[in-house]
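Here the structure is laid out as structure tokens; the discussion comes afterwards.
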Amino acid sequence: MTQSPTAPAIPAMPIGTGLVSETALSVAHGPSAEPTRVLARFEDWARRTPQAPAVIDRAQIWTYQDLDAAAALVAADLADRVRPGDLVGVCLDRSTALVVTAVALARLGAVYLPLGPRPGERRIQAVTEDLDIACLIGDPDVLPAEHRSGEHFPLLLPTDGVNAPAAAVAAFADSVRGTRRAPEGALYAVLTSGSTGRPKAVAVAESSLSVALDWYRAETGLAPGDRQSLLIGVAFDPHLLELWAALTSGAALVPAPDDTRWDSHVLTDWWRDTALTHAVAATPTVEPLLDRPWPQNLKLRHLVVGGDRMRRRPAADVTATVHNAYGPAEATVVTTTHTMRGTDPEAGDQVPPPIGTALPGVTLVVTDVEGRPVARGQEGELRVGGHCLALGYLDPELTARRFTSPASDLALPSVDRLYRTGDRVRMNADGSLDFLGRLDDQVKISGVRIEPVEVEAAFEQDPRVRTAVVTVLRDSSGHGRLVAHVRPADGAECPAGDLLAAVRAWLPEQAVPTAVRIVDGFPLDANGKVDRPALAAQAQSESESQAAVPPRSTTTDDLADDLAAATATERLVLTTVRDLLGRPGTGLGDNFTDAGGTSMVAARLLATVERETGIRLRAPELLRSTDLRAFSALLDQRRTPRPEGA
């Protein structure tokens, strides 16, 4: 096997020589599992409990009978144009309409490809140029230009309720259809970050998803009468675990309003108000909850957390069972989990918990660069096999590189493929895994897997940009942010704001850098390659030096550069935003989103404001503010005057 150029050299451990016993190798198997059916389980509940709630959408309840009938109508409307195996891009948010669409496409045998409610214009163009997309389903007003002007077929999808589309159509645009189709047997496909600058799609079979769903039901006890969140962003595969877990358990799905992802207080209020019993959430969303007393009067029994490394264990006051989950999209959402309860002796420990042990039907192998297992306790690359594996990418060459055969002398019953995750892990004596980082350049930002080269390619689409290099800076708590280092084309002017606005059409929110540095050139390492650590160090030093410059005396109009003239509230807001974004040049006249603010940054800003002032503001109030000065003024209006002398 060819050594990865980015992988560290891990010594190969001889097998069968007596130096390492078979039981001491980093190989672990989950309990046995057999694939089941997904759609058939939903249809069984629709027959057995037709009046049970399937979706609770604010005041409106959709029963299993209602959902089944609505999906049947949509499937019938699409049947003449969408064939089994066709890829259908779904441009809907977390809503009843999304649930109906997922069931309808499964019934047709079409492949559900979730793209999110507002996919970037350039990103969706790249997808439709590469993949044979039969149609896009969504609100016609927010579809890409080629599909806004194409043939539209109205669909009877719900247009009321949480995140509902104003209208829904199936949009056909044959002129932009690519050539790659989903492999036979695919239930869904999702996009992951692509090293070529274009997103890559991975296809998953119904049987693979069924094993994860069977585990979820057995582990959490999800059953009729329970309420399951529909919270994860639709462009990311964990929402499929939420959606189908409920529908195959006879439980009810509860779609989450958009502001729950911006504000941890809103999230827990939503859990309480909707009487949720089961939830799935991204690690960065849950982390702020673990830094304060756990909310009381929740019915939440199980919380599955994943997408990024947990940095501490839940405290003793956490009443829900928390499952620290790990799993790439190529291994069907969840591969390993570690379960934590408030009654555990380790509760509240300020150390990262393990990512856990193998799910049923999952085989874990920690290998050296030759693909041979290392001894337990040694670091290596995690490779995954078993029922959980995806069918592969829609690019056969990429599939061949990442889904490989086990080493010839490694006996793995019923495992003929292993997926190379690129993650560096260590297997403990009990078979659990500690996550140690990546072997390549791929990073996690706000729980989303991102390849910097994809972000670089998005910048380089701009004719004003000659070359772009993206690095990651992390703060003391481990939170990462992207910084783009841009070398302009000869004579080109490259305002940072213009560049960021352009790349938003190509990238998901989490992949948009918070800062752009214009540079004349790049430092090189001994091999003549761009020295990324040196670039990151330059950005860090520049950020620190700019932050340390004493503010100069100036007028109110110069508040963007002068903290000395700011009010106490403006100073709090501005210094916090500058710190979170790593952009010392951010001013009070800047709009939060235009300055690089994301949902995760907003949540951390609001948490800091509440901690320092006792005032709780909501994310929409931040997003509606014209600039940071207006947001500061709103905060001042909410302050309760303290008694004199207090």
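Once rounded to the nearest 0.5 Å, the distance linking CZ of R148 with CG of D141 reads 8.5 Å. With rounding to the nearest 0.5 Å, the separation of CG in L628 from OG1 in T569 is 13.0 Å. The CG atom of L300 sits 7.5 Å away from the OG1 atom of T277 when rounded to the nearest 0.5 Å. The CG atom of N297 lies 11.5 Å from the OG1 atom of T268; values are rounded to the nearest 0.5 Å. Atoms CG and OG1, from L303 and T220 in turn, are 11.5 Å apart once rounded to the nearest 0.5 Å. Distance check, rounded to the nearest 0.5 Å: OG1 of T626 to CG of D590 gives 11.0 Å.
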Quiz item: Does the pair W62 and V99 meet the rule for a side-chain contact (heavy atoms from CB on, under 4.5 Å), with working shown?
Solution: CA-CA 11 Å; W62 289 71; V99 180; over 6 Å; no

Practice problem: Could you walk me through whether D498 and R464 pass the side-chain contact (heavy atoms from CB on, under 4.5 Å) test, one step at a time? | Solution: CA-CA 11 Å; D498 291 353; R464 295 170 295 181; 3.8 Å; yes

Exercise. Test side-chain contact (heavy atoms from CB on, under 4.5 Å) on V318 and M340 and set out the steps.
Key: CA-CA 10 Å; V318 176; M340 297 170 286; over 6 Å; no

Quiz item: Run the side-chain hydrogen bond (donor to acceptor under 3.5 Å, both in side chains) check on H265 and E610 step by step: do they pass?
Solution: CA-CA 11 Å; H265 284 287; E610 181 178 8; 2.5 Å; yes

Self-check item: Trace of the side-chain contact (heavy atoms from CB on, under 4.5 Å) decision for L113 with V190
Solution: CA-CA 6 Å; L113 176 64; V190 290; 5.6 Å; no

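Residue I232 comes nearest to A282 through the heavy atom pair CD1-N, 3.8 Å, listed as atom of the first residue, atom of the second, then distance. Nearest heavy-atom pair, F631 versus E621, reported as atom, atom and distance to 0.1 Å: CD1-O, 4.3 Å. Between P119 and I124 the shortest heavy-atom distance is CB-CB, 4.3 Å. For P354 against H338, the heavy-atom pair with the smallest separation is O-CB, 3.3 Å. The minimum heavy-atom distance linking L507 with V455 is given by the pair CD1-CG1, 3.8 Å. Looking at every heavy atom in both residues, K299 comes nearest to A275 through CD-CB, 3.9 Å.
Qualifying salt bridge (charged side-chain N to carboxylate O under 4.0 Å, His left out) partners for D317, counting only residues two or more places apart in sequence or in other chains: none. Under the rule for a salt bridge (charged side-chain N to carboxylate O under 4.0 Å, His left out), R292 has no partner lying at least two apart in sequence or in another chain. Contacts of R618 classified as salt bridge (charged side-chain N to carboxylate O under 4.0 Å, His left out), with partners at least two apart in sequence or in another chain: D269. Under the side-chain hydrogen bond (donor to acceptor under 3.5 Å, both in side chains) criterion, D57 pairs with T96, not counting sequence neighbours. Taking D627 as the reference, nothing meets the side-chain hydrogen bond (donor to acceptor under 3.5 Å, both in side chains) condition, with sequence neighbours excluded. With sequence neighbours left out, R312 forms a salt bridge (charged side-chain N to carboxylate O under 4.0 Å, His left out) with D291.
Side chain of E460 to backbone of A468: a donor-acceptor contact under 3.5 angstrom is found. In this structure a side-chain-to-backbone donor-acceptor pair under 3.5 Å is present from S229 to V280. Not a single donor-acceptor pair under 3.5 Å links the side chain of Q228 to the backbone N or O of E242. The main-chain N or O of V351 is never found under 3.5 Å from a side-chain atom of D349 such that the two would form a donor-acceptor pair. Between the side chain of R272 and the main chain of Q296, a donor-acceptor pair closer than 3.5 Å is present. Judged by distance alone, with hydrogens and angles left aside, the side-chain atoms of R487 form a donor-acceptor pair with the main-chain N or O of D520 at under 3.5 Å.
With a 4.5 Å cut-off on side-chain heavy atoms, L231 and L267 count as touching. Residues T321 and R301 fail the side-chain proximity criterion, which asks for heavy atoms closer than 4.5 Å. Side-chain contact check for V322 versus V305: some heavy-atom pair is nearer than 4.5 Å. A 4.5 Å side-chain heavy-atom check between N324 and F435 finds every atom pair outside the cut-off. Between C91 and H147 there is no side-chain heavy-atom pair separated by less than 4.5 Å. Put simply, the side chain of D258 reaches to within 4.5 Å of the side chain of R94, judged on heavy atoms. With contacts defined as side-chain heavy-atom distances shorter than 4.5 Å, the pair L157/T159 does not qualify. The shortest distance between side-chain heavy atoms of R604 and E287 does not fall below 4.5 Å.
Between H278 and Y216, the ring planes are tilted. Angles from 30° to 60° get that label.
Atom CZ of R504 sits in a crowded spot, with more than 12 heavy atoms from other residues, nucleotides or ligands closer than 6.0 Å.
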